[in-house]
Student: 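Sending over a structure as C-alpha cells; questions will come in a sec.
Proteins get letters first, then strands, A, B, ... in listed order; numbering begins at 1 in each.
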Number of protein chains: 2
Amino acid sequence: MNRAVTLSEVAREAGVSPSTVSRILNGTARVNDTKARQVRLAIEKLGYTPNTFARSLATGASGSIGVLTPDIASPFYNDALSGIERGLMGSGYSPIIISGHWRTDEEEHAVALLLNRRVEGMIILGGQMPDHDLHALAARLPIGVLGRTIDLGAHGGASLAMDNRQSARDLVNYLIGRGHRVIGHISGPSDHADARERLDGYRDALEERGLRFDPTLVVQGDFQEPSGLIGMQRLLQSHSNMTAVFVANDQMAYGARLALYRLGLRVPDDMSLVGFDDLPGSSYTMPPLTSVRQPMGEMGQWLARYILSRLRGETIEPFEPRQELMLRESVASRRSR
Amino acid sequence: MNRAVTLSEVAREAGVSPSTVSRILNGTARVNDTKARQVRLAIEKLGYTPNTFARSLATGASGSIGVLTPDIASPFYNDALSGIERGLMGSGYSPIIISGHWRTDEEEHAVALLLNRRVEGMIILGGQMPDHDLHALAARLPIGVLGRTIDLGAHGGASLAMDNRQSARDLVNYLIGRGHRVIGHISGPSDHADARERLDGYRDALEERGLRFDPTLVVQGDFQEPSGLIGMQRLLQSHSNMTAVFVANDQMAYGARLALYRLGLRVPDDMSLVGFDDLPGSSYTMPPLTSVRQPMGEMGQWLARYILSRLRGETIEPFEPRQELMLRESVASRRSR
DNA sequence: ACTGTACCTGAAAGCGCTTTCAGATTCCAT
DNA sequence: ATGGAATCTGAAAGCGCTTTCAGGTACAGT
C-alpha cells in the first residue's frame, strides 16, 4: 500500500504553506483565488485525501455517531438503521454500527469501542443494557434510544418507544369486536419488556370486555418462527374452541401460520391470526397478516436528527410515533351467538 | 462533555513516563511489575481510555475494515454482514458499514469515505461499481467481493460468487423432472447481472431438455414483491396451460404467491412455484417455498478471514461456496401424459 | 505622502499517542 | 571485583492536521 499523500506535500507542490491548504480545504478563511486554484490543482494531481485521524485529533471532533443495534441482521431493527442513515445523510456525520447480539456484555463492549472511537453521539436500538448505564452515557454525550421507555431528561437524550401495551390492547379489542371470545396468545420471552407489555395489553383488553383471562390460553415463545409453530400446536391441542390467536410478533406468527397449514386449518376461516411489528413480509403472507406497525424508519430518522440538533445546539420539534393497526385478511368475523 | 483523560495524565499520576504507559498498554516491552501495577491503578482511577485517533495517527493502522453493502436493510445481504462480524470478532479489527443504495455515485462516495477513514481492507457486497474501480481498489488494499464474478488476481483480492446460471438451471431442471412442461419465469431487472444469469440458466435447462424457449413465458420484474404479483397475473392471463413458475428471487415469489391466492389457485396443486435466494422467511411461507440457498453468512465470514489473513501476511485455504437446492413443498409432481 | 484598517498568509505550537535512541541499572561470568 | 551483556526506562521526535498569532501587503482616508 503506497504511502498516502499528505497535506504538506500538497502545500509544497502548490508553493504555499500547509496552513493555507488547510484553510482552503475547510473554507476556514478567505484565500487568494489564484492560490486556491493552484492548491486545488495540486490536490488533483497528487490525488490527495485528508487523513481523518489527524484531523479528528487536531479538532477533537470525530464526525461519527455510534449506533448500537441488537442484531445487524434483524429485519425489525434494520428499518431503523435505514432511517438513521437517512437522517444523517448530508450532515457530514456518519454512523458507526455495531451489534450487541442481545447480550449485555457485548453491548458494553460495543459501547466502549464506540467511546474509544470518540463518537459524538450515540443511538441505542432496543437492547439489554441497564437503565443506569444509559443514564451514565447520556451524561457524557447526546444519545437517542429506540424501543425503550426511559426518561433521560431533556439534557441527556431522547427516547422513542411505542406503547406496546396499548397496541396489543387495540389488537385484541379488534379481535373481540369481530366476535372472537376464546383468544389465545403466543407471548415473547418473559424477560423481554416488549413481550411483557404485549401480554399485559392482551389481559387489559380481555378484562375490559369482561372476558376471563385464562393462563392456559397463553404459551410462551422466544420471538423466533419455530417457537410460534410449537406454540400454536400446543394451543390447538388444549383449546379446540379457540377461534383466534394473538401472536406477540410477526416472526412467531409465521411459524404459527405454518402449524395451521400443516393441520389443514384455514386462515382466517378456521382460525384468525394477528401478529405484531408488521414486518415487510407480512403484507405477503397467506393471507396477508393483520399486525401493528411501528414507524421504525421514521423513528430512526428522527433520532438521528435529534442527535444532530443537540450537537449543533439547536432544538428540534418532538416526535410522537404513532403505531398503526394494519388490518389485513387474517381475521374473520365470527357470528356472535 | 468532560475532556477525556490522556495518557500523559496517567503517566504523571503513576509517576512514570508516557512511554512506559504506552508500553504497558500495548505490551510492547517488558516493564517492571510494580510500575505496571501503579499504572494500571492510575488508569483505573482516572478512567482512562486511549484515543483511537492519536493511536492510529501514530501507528498508521486504523484497525478497521470497510464494508460496502447495497442496502443496510436488505435481508439478502444482511446475512453476509453477520458473517463478516463473526469473521472479524476477536481480531481487533472492526467493520465500518456503509450502504451504497444500489447507486454508483453513492458507492463511490462511500468508498472514498472508507478510504479517508483509512480502512485497512474492504469488503464489497454486490453493488454496481464498475470492475475497473474494483481493480484499482484491489491495488491499494486487500479487498473481498461477494456476489460478483471478477478476477482480482492473487495479489489484489478475492471474490466469492455463486453460479447463478447453474443453480437456475438445476432448479428448472428439477421442475422439468417433476413433469412440468410449460414453465413461466419472472425475471429480475435486465441490467442486473444476477438476473441475466438466472434467466440464462432457465433457458439452458429448457433447451437441454428439448423444450422450446418461449419469450412470452418470461415477464420482467424488479426483484421486489409487487412486481412478482403483477408478473404472475400477466403470466396467468396469457398462459392458461402453465403449471409452474420459476421466480428469479424469493421476494418476487412472495408477490407471485399472493397473486395466486387472490385468484384462488392452490400451490402446489394448481401451480408450482420456485424462488431463488432462500430468504429466512421462505421456510415459513404457505407452503414452504422451494428455492436455492447461497451460504451468505459463511461467505461473509470467509471474506473477513481472508482480509485478516492478507493483513497478517498469512494465507488461507480457499472457500468454495456451494449453493444448495432447498426442496420444499411448493412444487407438485405432474403426471406426465 | 502617511496613518489606520482590513485582509491574507506563514511559522509554530499542539492534538494524544508510538517508537527510536541512548542512558541507567541490573545481572552474570570470570 | 570487573567487564560486558541484558534489561528497563525516559526524552524527544514525529504521525498529519488545525489554529493561534503575528507579520506583510494593499487600500482608503486625510
Side-chain angles (χ1 to χ4, degrees), chain A residues 1-40 42-43 46-64 92 112-113 115-120, chain B residues 1-40 42-43 46-64 92 112-113 115-120:
Chain A
M1 193 164 22
N2 34 18
R3 227 180 41 66
V5 189
T6 73
L7 180 143
S8 359
E9 287 167 12
V10 172
R12 198 172 321 133
E13 172 77 23
V16 301
S17 76
S19 346
T20 303
V21 178
S22 169
R23 282 191 265 259
I24 292 174
L25 246 34
N26 304 298
T28 322
R30 281 207 55 75
V31 172
N32 184 302
D33 275 358
T34 61
K35 290 203 180 182
R37 207 172 356 261
Q38 284 166 17
V39 168
R40 269 183 238 296
I43 288 178
L46 268 38
Y48 168 76
T49 63
N51 182 323
T52 331
F53 298 133
R55 167 178 301 192
S56 295
L57 182 56
T59 58
S62 65
S64 49
L113 193 82
L115 253 20
N116 273 6
R117 294 199 173 252
R118 297 295 189 268
V119 296
E120 297 176 46
Chain B
M1 197 168 13
N2 35 17
R3 225 181 42 66
V5 188
T6 74
L7 180 143
S8 1
E9 287 168 11
V10 172
R12 198 173 318 129
E13 171 78 23
V16 299
S17 78
S19 346
T20 302
V21 178
S22 169
R23 282 190 266 260
I24 292 173
L25 246 35
N26 303 298
T28 323
R30 282 208 54 76
V31 172
N32 185 301
D33 275 358
T34 60
K35 291 203 179 177
R37 209 174 352 266
Q38 283 166 18
V39 168
R40 269 182 238 296
I43 288 177
L46 268 40
Y48 168 76
T49 63
N51 181 323
T52 330
F53 298 132
R55 168 178 300 193
S56 295
L57 181 57
T59 58
S62 65
S64 49
L113 193 81
L115 253 20
N116 273 7
R117 293 199 174 251
R118 297 294 189 270
V119 295
E120 297 177 45

Student: Sequence neighbours left out, what passes side chain to side chain donor-acceptor pair (under 3.5 Å) with R118(B)? Give chain and number order.
Tutor: none
Student: What pairs with N32(A) under side chain to side chain donor-acceptor pair (under 3.5 Å), at least two apart in sequence or on another chain?
Tutor: T34(A)
Student: Hey, which of these two, R118(B) or V16(B), hits DNA chain D nearer its 5' end, going by closest nucleotide?
Tutor: V16(B)
Student: Does A112(B) have any side-chain contact (heavy atoms from CB on, under 4.5 Å) partners at least two apart in sequence or in another chain, and if so, which?
Tutor: none
Student: Would you mind reading off the distance between L57(B) atom CG and dG14(C) atom P, rounded to a whole angstrom?
Tutor: 17 Å
Student: Over its full length, what angle do the end axes of the helix from dA1(C)-dT30(D) to dT30(C)-dA1(D) make, each axis taken from five pairs and the result rounded to 10 degrees?
Tutor: 40°
Student: Under the side-chain contact (heavy atoms from CB on, under 4.5 Å) test, which residues partner S22(A), sequence neighbours left out?
Tutor: L7(A), N26(A)
Student: In whole angstroms, how far is the C1' atom of dG16(D) from the CG atom of L46(A)?
Tutor: 15 Å
Student: By side chain to side chain donor-acceptor pair (under 3.5 Å), which residues pair with S17(A), not counting sequence neighbours?
Tutor: S19(A), T20(A)
Student: So does T6(A) get a side-chain nitrogen or oxygen closer than 4.0 Å to the phosphate oxygens (OP1/OP2) of dG16(D)?
Tutor: no
Student: Rounded to whole angstrom units, what separation is found between the CD atom of Q38(A) and the P atom of dT9(C)?
Tutor: 10 Å
Student: Applying salt bridge (charged side-chain N to carboxylate O under 4.0 Å, His left out) as the test, list every pair that has at least one member in residues 17-35 of chain A; sequence neighbours left out.
Tutor: none
Student: Looking at N116(B), is its backbone amide N or carbonyl O close enough to the side chain of T52(A) to form a donor-acceptor pair, meaning the two atoms are under 3.5 Å apart?
Tutor: yes
Student: Rounded off to whole Å, could you give me the CG-to-P distance for the N51(A) and dG16(C) pair?
Tutor: 17 Å
Student: For R40(A), what residues pass the side-chain contact (heavy atoms from CB on, under 4.5 Å) criterion, not counting sequence neighbours?
Tutor: I24(A), A36(A)
Student: Report the residues that fulfil side chain to side chain donor-acceptor pair (under 3.5 Å) with S64(B), sequence neighbours left out, ordered by chain and then residue number.
Tutor: S62(B)
Student: Give the rounded distance in Å between these two atoms: CD1 of I43(B) and P of dG16(C).
Tutor: 16 Å
Student: Mind checking side-chain contact (heavy atoms from CB on, under 4.5 Å) for Q38(A) and listing every partner two or more places apart, or none if nothing turns up?
Tutor: A14(A)
Student: Any protein N or O atoms within reach of nucleotides 6-8 of chain C? Criterion: under 3.5 Å, listing atom names and distances.
Tutor:
unit_1, atom_1, unit_2, atom_2, d
dC8(C), OP1, R30(A), NE, 2.9

Student: Let me have a per-nucleotide readout for nucleotides 18-26 of chain D, 5' to 3', with B, S or -, counting only protein heavy atoms under 4.0 Å.
Tutor: SBB------
Student: Can you give me the closest heavy-atom contact between Y48(B) and L25(B), atom names plus distance?
Tutor: CE2-CD2, 3.7 Å
Student: In whole angstrom, what separates R12(A)'s CZ from dG16(D)'s P?
Tutor: 11 Å
